[in-house]
Undergrad: 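What follows is a single structure, and I will ask about it in a moment.
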Amino acid sequence: MKQRIRIVTLMLAGSLALSLCACAGSEAPANSAPQPQVERLALEQPQSETVQSGGYDLPSGNYVWNDTRENGYLRIHVNAEVTAPDIAPAAAGVTADGFTQAQITGLFNYLFADQKVTATVGQNVQTKDEIKVQLDKMKQALEDGTYADYGFTKEEYEQAIAEQEEAYRNAPVSNTSEQTASDGTLQTVNDGDGDYLALYARSESGSQLSVNSYPAGHASQLQSTVSFARNSAPEYGMLNAVRLREDEELPQRAQGKLTVSYADAKALADGLLEAAGVDSALLTAYLADDAQSGESDGVVRAAGQYAYVFQYERVLSGVSAAADVWEDNAAESRPWNYEEIEVTVDNEGIAALYWREPVTVTGEIEHSETLLTFPQAREIFETIAPIAYGAQTSSANPSLDRVEIDLSVSSVQLCLLRVWNGENADRSEKSGSLVPAWVFYGDVVDQVFWKDGTSYDAYYRQGMNGAGGSAFCKGLTIVFAVNAIDGSVIDPSVGY
């Protein structure tokens with residue numbers, strides 16, 4: 001079971017004094033390094049050392065810092081642009097209340113302009129035959145041991161099979177849903193856990209828009225999502241993805257194949273979000289391709305087509321709210337993922353959209369008189385990050401030799417970061433606050449080495465708590481975050 005990472009109390013009063021304490025936690029999985037718990041970090045800073053909003057002592061160039069710890073097993077690389085908003089970030093209450101009809105109507109009209117569209121009426125549920133196909137594959141994976149490739153223990157996978165068998169017993173023999181003309185209006189659905197809004201629309205050309213929008217406090221705790229896939233669009237993946245800037249030339253392999261310009265592609269993506277009434281800011285952009293490695297389905301294919309992948313942050317009250325590409329719905333981790341907006345554009349236009357967990361501002365906006373400067377946040381990062389990540393390079397597993405970690409930071413922002421309401425709050429409802437925070441964006445890459453000389457391939461993972469990922473999940477993740485009001489370290493893997 002993945003353990004949470006927290007940070008111990010750290011008091012800064014003129015000079016930095018650090019004390020760490022060991023914290024109890026559940027036993028680590030047999031095939032991974034244990035994830036230490038790190039208690040919350042608190043900062044007490046003399047008022048004379050803080051500044052009024054707007055004077056954050058930003059560096060004139062990139063923030064650069066390199067360090068190696070844990071006998072070379074932890075390597076930290078920082079070369080980051082540091083930015084802060086023109087207006088002071090202010091805290092506000094938020095909840096996960098799903099999408100508005102106006103947002104969906106805007107997306108629908110932009111994506112399906114001048115097209116006939118039908119939508120599924122009634123629950124489009126899986127039939128027994130459809131579930132049996134999945135169940136047979138899962139049982140085969142259990143038999144041949146390949147379930148471990150997906151990060152499951154045997155006990156976890158057996159439990160997943162048991163749940164799928166229960167779903168098979170309750171599934172209908174046939175699907176009774178119907179198709180009707182649609183203008184993008186969401187319909188109310190009840191799956192036994194309460195009402196939510198949904199739309200499963202398909203254009204005459206075969207493009208599909210799917211919406212699942214859950215109100216705050218919905219018993220299922222499922223995340224609200226919007227996804228769009230253009231008919232016949234290649235399945236673009238992040239295996240070979242590289243970051244792009246507007247003024248850069250495309251890599252040689254994509255030149256002559258991706259002919260739409262960066263500016264024109266971004267204008268399409270920006271227009272989609274504007275149509276939805278969403279104020280947003282570009283976080284980063286990637287070049288993706290349709291290559292397949294064969295890892296998931298055995299199909300190996302070289303890249304033939306390319307696309308831009310634009311990842312956005314929401315802008316609320318003039319300030320960006322931190323986003324994260326990682327998803328983790330494990331109950332012991334964070335069932336409330338950070339908002340993510342990703343638009344894929346190729347030569348034919350918008351190929352895909354994925355938008356999850358939009359936040360709704362519900363509480364009053366509260367301004368703080370003082371916020372941490374960047375040098376203060378940097379000092380906390382350079383002190384705590386090596387400890388938090390360094391502890392993950394060793395393991396109590398007698399078969400494991402070591403874990404090597406490369407922590408890279410490519411961007412630092414003073415922005416808003418969503419946190420749960422209270423460390424011990426009832427997590428049955430997704431409610432919390434947006435707080436000003438210094439967010440360190442980057443990548444974390446792990447490689448596991450066993451004592452028998454074997455090793456896993458290096459893989460991308462979520463920051464802080466060590467949740468695994470893969471090369472398919474490239475994209476900026478929050479590797480570290482410091483509350484700009486009180487200096488506490490916010491662990492994005494648990495949301496506080």
Side-chain angles (χ1 to χ4, degrees), residues 5-20 38-70 74-86 88-89 283-284 313 319-320 322 324 368-392 405-417 419 435-444 463-464 476-493:
I5 300 179
R6 302 181 185 167
I7 303 268
V8 287
T9 300
L10 177 91
M11 303 301 290
L12 278 177
S15 62
L16 193 66
L18 177 69
S19 72
L20 294 173
V38 187
E39 291 297 331
R40 298 261 308 164
L41 175 149
L43 177 73
E44 186 174 286
Q45 187 72 17
Q47 291 296 317
S48 61
E49 296 190 23
T50 59
V51 295
Q52 296 298 322
S53 302
Y56 306 112
D57 199 8
L58 304 183
S60 57
N62 279 10
Y63 160 42
V64 178
W65 181 60
N66 294 284
D67 199 6
T68 301
R69 303 285 182 93
E70 306 299 332
L74 173 64
R75 298 173 290 270
I76 302 175
H77 319 280
V78 180
N79 189 348
E81 180 183 12
V82 182
T83 58
D86 294 331
L283 175 61
T284 190
E313 296 173 309
V319 180
S320 294
D324 200 318
S368 176
E369 291 185 2
T370 57
L371 296 176
L372 264 66
T373 63
F374 171 69
Q376 292 169 332
R378 180 189 64 207
E379 187 173 14
I380 295 172
F381 169 75
E382 293 182 2
T383 301
I384 299 300
I387 298 171
Y389 285 96
Q392 300 173 38
I405 299 175
D406 283 284
L407 169 63
S408 299
V409 176
S410 54
S411 174
V412 181
Q413 289 186 8
L414 176 60
C415 59
L416 295 170
L417 180 63
V419 295
V435 299
W438 287 100
V439 172
F440 293 71
Y441 282 115
D443 298 301
V444 185
M464 294 297 285
L476 291 187
T477 188
I478 302 170
V479 301
F480 200 81
V482 180
N483 187 318
I485 297 175
D486 63 11
S488 59
V489 170
I490 301 169
D491 182 351
S493 65

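What you see below is based on every heavy atom in this structure, not just the backbone, and it leaves out hydrogens, waters and symmetry mates.
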Undergrad: Does the side chain of Leu372 come within less than 4.5 Å of Val482's, by heavy atoms?
TA: yes

Undergrad: For His77 and Asn66, work out which heavy atoms get closest and say how close.
TA: CA-OD1, 3.4 Å

Undergrad: Identify the two heavy atoms, one from Gly487 and one from Ile380, that lie closest to each other, and give their separation to 0.1 Å.
TA: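 Between these two residues, the closest heavy atoms are O-CD1, 3.7 Å.
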
Undergrad: Find out whether Val412 and Tyr63 are in side-chain contact, i.e. whether some heavy atom of one side chain is under 4.5 Å from a heavy atom of the other.
TA: yes

Undergrad: Measuring from atom CG of Asp443 to atom OG of Ser408, what distance do you get when rounded to the nearest 0.5 angstrom?
TA: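 With rounding to 0.5 Å, CG (Asp443) is 6.0 Å from OG (Ser408).
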
Undergrad: To the nearest 0.5 angstrom, please state how far the CD atom of Glu70 sits from the CD atom of Gln392.
TA: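 Spacing of CD (Glu70) from CD (Gln392) equals 10.5 Å.
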
Undergrad: Can you name the one residue among Ser320, Cys415, Ser411 that meets side-chain contact (heavy atoms from CB on, under 4.5 Å) with Val439?
TA: Cys415

Undergrad: When you compare the side chain of Val479 with that of Leu407, does any pair of heavy atoms fall below 4.5 Å?
TA: yes

Undergrad: Determine whether Leu414 and Thr83 make a side-chain contact, defined as any pair of heavy atoms from C-beta on separated by less than 4.5 Å.
TA: no

Undergrad: Checking the side chain of Asn62 only, and the main-chain atoms of Val64 only, is there a donor and an acceptor separated by less than 3.5 Å?
TA: no

Undergrad: Cut-off 3.5 Å, side chains only: do Thr477 and Asp324 have a donor facing an acceptor?
TA: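 Asp324 and Thr477 do have a side-chain donor-acceptor pair below 3.5 Å.
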
Undergrad: Under the ring-ring contact (aromatic ring centres under 6.0 Å, His included) test against Phe381, which residue among Phe440, Phe374, Tyr389 passes?
TA: Phe440

Undergrad: Might you point out which heavy atoms bring Thr373 and Gly55 nearest each other, and give the distance in Å?
TA: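 So the two residues come closest at CG2-O, 4.1 Å.
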
Undergrad: With a 4.5 Å heavy-atom cut-off, do Ser410 and Asn79 have their side chains touching?
TA: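 No, too far: nothing below the 4.5 Å cut-off.
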
Undergrad: Once you round to the nearest 0.5 Å, how far does CG of Leu283 lie from CD of Glu313?
TA: 4.5 Å

Undergrad: If you apply the rule side-chain contact (heavy atoms from CB on, under 4.5 Å), what do you find for Phe480 with Val489, and how did you get there?
TA: CA-CA 8 Å; Phe480 200 81; Val489 170; 3.6 Å; yes

Undergrad: With heavy-atom distances below 4.5 Å as the criterion, would you say the side chains of Trp438 and Tyr56 are in contact?
TA: yes

Undergrad: Any idea which heavy atoms bring Gly390 and Leu74 closest together, and the distance?
TA: N-CD2, 3.6 Å

Undergrad: Do Leu417 and Ile478 have side chains that approach each other closer than 4.5 Å (heavy atoms only, starting at C-beta)?
TA: yes

Undergrad: List the atom of Val409, the atom of Ala80, and the distance in Å for their closest heavy-atom pair.
TA: O-CB, 3.9 Å

Undergrad: Would you say Gln413 and Glu81 make side-chain contact, with heavy atoms under 4.5 Å?
TA: no

